[in-house]
Q: 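Sharing a structure here in structure tokens format.
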Amino acid sequence: MNVSNRKTIRCLSIASFKAAKIRNIITVAAIALTTILFTVIFTVGMSMKYGFEQSNFRMVGGYAHGGFKYLTKEQFEELKDDPLIKEYGKRIFCGMPEKEPFHKSHVEVSYCDANTAKWMFVEPKEGRLPKEGTNEAATDLRVLSLLGVEPVIGNEFTMTFMVDGQETTETFTLCGYWDYDEITVANHVLIPESRTQEIFEKLGTQGKDGMTSFWNMDIMFKNTSHIEENLDTILARHGYQSEGLDQGDNYIRTGVNWGYMSAQFEDSLDITTIFALIAVMLLIIFTGYLIIYNIFQISVSNDVRFYGLLKTIGTTGRQIKRIISLQAFLLSALGIPIGLILGYGAGVLMTGIVVSQLNGIVLTYSVSPIIFLGAAAFSFVTVWLSCRKPRRMAAKISPVEAVRYTEGAGTKKKSRKGEKGASIFRMAMANLGRNKSKTVITVISMSFAVVILNITFILANGFDMDKYLKHVITDFIAADASYFQTGGPDLTSFPEESVSQIEALDGVKGGRTYQKTFAAQELVTEEWVRKLNGKYSSPEMVDRYVEMLEKVGDLRAERVQLYGMEDFVLDKLPVIEGDLSKLKEGGNYVAAVYSSDDYGNLHEDSHWAKLGDKVTIRYVEEYEYYNPETGEIYGEDEDLSDKRWQDRAKVYEDKVYEVAALVEVPGKICYRYYGADEFVMGADTFIRDSGTSDILYYAFDCEDDKVEQVEQWMQDFAGGDDSMYDYESRKTEEEEFYAFRDMFMMVGSGAALIVGMVGILNFVNAILTGIMARKREFAVLQSVGMTGKQLNRMLITEGMVFAGSSVVITLILTIVMGPLASDVLEGMFWFFSYHLTVTPILAVAPVFLLLGAVIPLCSYRYVAKRSVVERLREAE
Amino acid sequence: MCKTAFMMQIILFIRKKEENMTILSTQDLKKVYGSGESEVHALDGVNFQVEKGEFVAVVGTSGSGKSTLLHMLGGLDRPTSGGVTVDGKEIFTLKDEELTIFRRRKIGFVFQNYNLVPVLNVYENILLPVQLDGGSPDQNYIKDIIDTLGLSSKLNNLPNNLSGGQQQRVAIARALASKPAIILADEPTGNLDSKTSQDVLSLLKVTGQKFSQTIVMITHNEAIAQMADRVIRIEDGRIA
């Protein structure tokens with residue numbers, strides 16, 4: 001039989017919905033809180049994903065999907081209107097300065113239209129892009145600072161740069177500038193298209209290098225899939241190809257932004273992170289389930305008579321289910337949007353806190369619809385899961401039993417022992433036993449928040465600053481900013497003048513470390529090369545790699561990394577074996593650098609050299625390239641791109657050193673980059689043998705009472721964002737440590753706060769509904785002589801038992817789980833020392849107990865507004 | 001002077017004697033619900049006395065004010081004017097809290113719908129008023145009540161596993177447990193079939209006599225009312 005009764009059911013549903021005002025408020029709040037938790041996770045997650053991509057794009061130098069390179073004007077005009085192209089941008093490369101002050105920087109002078117400027121992150125923060133037909137130019141603060149020009153719009157600056165092999169000197173008027181972004185490799189000077197043409201005309205530029213004066217087209221497609229295929233399709237349509245020049249002169253080079261291709265955020269998610277994420281999501285679902293299920297369950301138990309009545313007059317179980325589902329929908333429709341709004345705000349705050357602690361991720365706030373759709377979907381699933389069982393319960397109610405129903409009773413238990421009679425305490429306990437699932441769930445829900453809070457405290461308290469600062473072995477390190485940002489070989493050196501300035505400060509004592517800026521090799525056994533590379537590469541790759549290395553007798557010439565350290569720095573090195581004094585004396589001695597993990601466990605096999613071993617270092621002045629098959633030596637300017645080649649030292653000097661010590665170079669003063677076997681030399685030996693003295697960093701200590709002053713001086717000298725130099729100090733490390741710890745505190749406390757609100761809400765609901773449902777029973781008790789005081793005492797006892805049990809459960813959990821958590825956490829954070837603490841639990845306990853007393857009291861006062869007689873007569 | 005004193009003593013003596021006899025009395029008891037147009041005189045000047053050990057039935061139709069009267073007698077509700085004296089105590093001079101304590105010591109209630117506490121078993125329900133008063137129950141007396149009411153085998157049962165008649169017997173036992181001055185029964189058989197009603201009522205009467213209790217019972221059932229020693233009729237808030 002198919003009866004159209006939906007309208008009636010909707011009416012009933014809405015009517016009973018309206019009747020349960022307090023339940024609705026509590027449920028909406030619960031749904032909103034759950035949604036907040038989900039939204040925060042999604043916001044932080046999506047923002048970090050977005051930030052990660054942005055970082056990639058900045059490293060690449062833009063976020064255009066791809067493009068065509070080195071087009072003629074005609075080709076450009078022909079391709080730009082292809083229907084596959086959603087948007088395009090135009091760029092003409094003009095030249096690059098090579099001489100001082102740009103000898104260490106990569107600066108490109110070019111024309112970019114507004115699109116390309118935007119996509120390459122070179123939109124002026126102040127001012128605007130240059131206007132056609134003027135001598136304007138826009139650039140970044142780093143270029144200005146290298147030129148020594150104040151960043152003031154209208155200032156003139158002059159640059160000498162190479163245009164396709166010819167030098168030119170041009171003067172521009174600054175029309176806009178932007179911040180230098182460390183992540184981006186290249187700096188840019190943007191000039192009008194008209195100016196590029198003037199320069200090309202003046203110099204008669206032909207574009208011999210294949211780049212200069214040609215047009216580049218940056219392209220945005222409709223989406224990021226099939227970028228490469230799309231580029232090829234466009235070319236094919238217009239009769240071009242991207243295979244190669246040897247395939248015909250209709251060749252056009254394409255470029256795909258690898259920011260979209262590789263190193264995607266998803267790839268960087270390892271299994272642990274994914275599991276952690278799933279665990280967090282499940283925890284939130286669980287938190288939400290605990291309260292929403294509880295509310296619905298209580299609500300259905302309290303309305304049993306109502307549902308029984310509906311059954312009696314002919315409502316089917318399915319219809320009753322629909323009544324409840326509809327209410328769940330209505331409540332979600334109210335709660336979820338509130339949660340999304342509040343959650344997004346909280347998420348933005350959290351993102352800021354979290355991202356500030358991560359390297360390599362730009363702080364961005366994602367506004368992706370996925371955040372809202374995802375969080376809403378998860379919340380809704382939680383609500384749906386939560387009201388499944390109560391729905392079934394309501395549908396199953398027998399109309400006959402419903403009339404006799406009192407909460408929890410009449411189920412299985414027919415009798416209970418007890419000949420002592422009733423005491424207030426026993427009555428309270430019996431009352432808690434009425435609806436066991438309610439009691440248990442409420443207690444778990446409250447405990448949950450305390451557990452999270454306590455874990456947060458254990459975590460934050462366990463971060464051990466002494467362990468964290470273990471790697472900090474000098475009070476200060478000053479270097480070029482790139483040393484701290486990227487690390488790696490051939491960094492910009494820290495100028496000697498700056499070192500002198502620092503040395504001149506009162507109370508400072510330090511030493512330089514020189515870096516290898518030249519080519520050098522060590523002669524090692526093939527076995528060692530295989531062992532070292534075998535850790536990271538397949539046997540085939542190792543074979544190929546070994547073949548590439550030049551054979552010198554039985555040995556192979558392998559890359560090597562070198563430090564030249566002054567005595568001050570040498571003295572700071574942890575010595576595993578041997579003695580560094582020989583290094584200081586300036587003989588042919590080196591120390592081999594071993595590594596250890598964060599926990600301080602030495603990697604025995606991280607270097608081949610043992611004490612007393614001899615090592616030959618080959619200082620290479622010139623390499624030559626040759627064909628490994630024929631032995632033919634290629635000329636210097638020969639294009640090797642499609643030929644087999646190998647290199648070997650042509651002009652070089654071999655020096656033999658004795659390994660006088662085995663040392664570690666702590667993380668804060670090493671190259672911060674793993675490249676090859678490393679040796680430390682004394683500074684004098686290093687300068688003498690290499691003929692270079694490029695300073696990697698200047699490390700120094702400072703007298704205790706001068707620390708503040710020096711810190712201030714360093715802050716002024718190198719602390720600013722636009723400074724080329726940077727420094728680290730014990731203080732900045734400490735601050736970093738505290739910031740890291742605070743991040744955990746903030747995130748953990750935030751989670752505990754919201755989960756705590758859920759727990760308390762659950763508690764309020766349990767108590768409130770428990771009291772409302774027993775209005776009449778209280779009247780009976782009063783009519784047989786229970787005083788208001790006794791009744792209050794009973795209710796407070798009930799509340800206290802709720803609150804007390806969650807405190808006790810949390811305590812037990814914490815103490816029992818402690819050792820387990822300790823292992824996990826110490827495994828996760830090398831600077832973590834586990835200390836059991838229950839302070840947060842003890843701090844929360846009085847609050848809970850107070851709530852346990854206050855909430856029942858307030859609820860009862862509400863009930864007690866009506867007289868005993870009124871309540872006795874009610875609801876029969 | 002001396003003569004007056006003597007007279008006073010005689011008056012006091014007479015009063016005392018009266019009090020010994022009268023366990024419950026009402027003084028021009030009035031209860032008005034609402035005000036103005038919707039004013040309802042639930043009780044409109046009720047005066048009567050009940051002697052110790054008496055079994056009185058108050059009969060009236062629905063809306064006659066009999067339930068209101070019973071609530072007043074038990075101190076569950078306060079009158080608009082007038083007073084109630086129970087065992088020599090003018091109960092409405094007491095504060096709410098004192099009134100409750102007075103009630104649990106002096107008055108036993110038996111309700112139409114039994115009103116047992118669902119989480120307590122039979123024994124605990126019976127003892128509840130005594131224990132709420134902090135007293136230790138007179139075990140022999142309680143056992144006597146339980147045996148008399150035939151509840152010995154049900155002591156551990158929870159109320160909703162008992163039949164209506166059994167529940168009402170528990171309620172009677174509870175009312176007797178604190179050895180009150182009077183038992184107020186509000187339609188005690190209202191939810192029971194006629195056979196069970198007879199049984200319960202007989203038990204009420206028998207226990208009343210056995211434990212020399214005063215019983216005031218409200219009913220709309222004439223046949224039931226006839227089992228009482230005296231029947232008071234109430235109509236439109238007045239004694240007819």
Side-chain angles (χ1 to χ4, degrees), chain A residues 401 403-436 770 773-774 776-794 798 864 866-876, chain B residues 67-68 70-72 74-78 96-134 136-137 142 154-162 171 174-175 177-178 180 184 186 191:
Chain A
E401 276 168 29
V403 180
R404 286 172 64 106
Y405 183 88
T406 47
E407 191 183 30
T411 43
K412 279 165 215 150
K413 212 163 164 194
K414 295 223 159 81
S415 66
R416 42 180 290 251
K417 288 265 188 276
E419 304 254 321
K420 281 187 193 145
S423 75
I424 300 279
F425 180 73
R426 269 204 305 281
M427 277 180 75
M429 290 306 282
N431 285 333
L432 292 176
R434 284 178 187 217
N435 186 339
K436 286 215 182 62
R774 287 183 289 161
R776 206 174 154 277
E777 195 179 309
F778 294 157
V780 171
L781 285 168
Q782 283 173 303
S783 73
V784 300
M786 193 180 226
T787 60
K789 262 191 206 140
Q790 286 175 317
L791 196 53
N792 276 332
R793 192 139 37 94
M794 183 178 87
E798 290 180 26
R866 302 178 60 200
S867 77
V868 175
V869 173
E870 277 177 291
R871 280 182 276 150
L872 271 178
R873 282 181 169 170
E874 187 181 79
E876 272 307 305
Chain B
S67 281
T68 309
L70 192 89
H71 291 145
M72 297 292 161
L76 287 175
D77 207 353
R78 287 182 184 270
D96 277 356
E97 202 76 352
E98 295 166 340
L99 187 55
T100 309
I101 293 167
F102 180 82
R103 187 163 63 227
R104 76 183 174 211
R105 290 181 183 160
K106 296 291 181 187
I107 297 164
F109 273 106
V110 178
F111 295 100
Q112 177 175 5
N113 38 37
Y114 333 126
N115 282 345
L116 299 177
V117 179
V119 289
L120 300 180
N121 66 25
V122 167
Y123 186 70
E124 289 167 336
N125 261 293
I126 294 171
L127 253 57
L128 184 59
V130 183
Q131 288 185 320
L132 283 175
D133 204 33
S136 52
I142 299 287
K154 303 282 181 194
L155 290 182
N156 283 335
N157 281 43
L158 288 173
N160 55 347
N161 290 303
L162 298 177
R174 179 177 67 184
S178 56
L184 299 175
D186 186 357
N191 281 358

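Note on naming: letters A, B, ... go to the chains in the order of the sequence lines (proteins, then strands), and numbering restarts at 1 for each one.
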Q: Nearest 0.5 Å, please: how far is CD in Gln790(A) from CG in Asp133(B)?
A: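 The CD atom of Gln790(A) is 8.0 Å from CG of Asp133(B), to the nearest 0.5 Å.
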
Q: With sequence neighbours left out, what residues match Gln112(B) under side-chain contact (heavy atoms from CB on, under 4.5 Å)?
A: Glu187(B), Asn191(B)

Q: What's the verdict on side chain to side chain contact (heavy atoms under 4.5 Å, CB included) for Gln131(B) and Met427(A), showing C-alpha distance, side-chain angles and the deciding distance?
A: CA-CA 12 Å; Gln131(B) 288 185 320; Met427(A) 277 180 75; over 6 Å; no

Q: Go through the atoms of Ser178(B) and report whether side chain, backbone, both or neither lie under 4.5 Å from a heavy atom of chain A.
A: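 The answer is neither part of Ser178(B).
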
Q: Show the nearest heavy-atom pair for residues Gly785(A) and Leu132(B), with the distance to one decimal.
A: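 Closest approach of Gly785(A) to Leu132(B), heavy atoms only: C-CD1, 3.9 Å.
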
Q: Check each of Leu128(B), Asn115(B), Thr100(B) against Val784(A) using the side-chain contact (heavy atoms from CB on, under 4.5 Å) test, and report the only one that passes.
A: Leu128(B)

Q: Would Asn113(B) and Arg776(A) satisfy side chain to side chain contact (heavy atoms under 4.5 Å, CB included), going step by step from the backbone distance to the final call?
A: CA-CA 12 Å; Asn113(B) 38 37; Arg776(A) 206 174 154 277; 3.2 Å; yes

Q: Please look at Arg174(B) and chain A and tell me whether the side chain, the backbone, both or neither of the residue comes under 4.5 angstrom of a heavy atom of that chain.
A: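 Just the side chain, heavy atoms under 4.5 Å.
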
Q: Might you point out which heavy atoms bring Phe109(B) and Ser783(A) nearest each other, and give the distance in Å?
A: CD1-O, 3.3 Å

Q: Which bit of Phe102(B) is near chain A, if near means a heavy-atom gap under 4.5 Å: side chain, backbone, both or neither?
A: neither

Q: Heavy atoms only, distances under 4.5 angstrom: which of Val868(A), Thr787(A), Leu781(A) has the most pairs with chain B? Name it, please.
A: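 Between Val868(A), Thr787(A), Leu781(A), the count favours Thr787(A).
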
Q: Roughly how far, to the nearest 0.5 Å, is the CG atom of Asn431(A) from the CG atom of Leu120(B)?
A: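 So the CG of Leu120(B) and the CG of Asn431(A) are separated by 8.0 Å.
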
Q: What closest approach, in Å, do Arg104(B) and Met786(A) show between heavy atoms, and which atom pair accounts for it?
A: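 Result for this residue pair: NH1-CA, 4.4 Å.
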
Q: Return the CD1 to NZ distance between Ile101(B) and Lys789(A), rounded to the nearest 0.5 Å.
A: 7.5 Å

Q: Would you name the heavy atoms of Glu97(B) and Gly788(A) that are closest together and state the gap between them?
A: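 Taking Glu97(B) first and Gly788(A) second, the nearest heavy atoms are OE1-N, 3.6 Å.
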
Q: Not counting sequence neighbours, which residues clear salt bridge (Lys or Arg N to Asp or Glu O under 4.0 Å) with Arg103(B)? List them please.
A: none

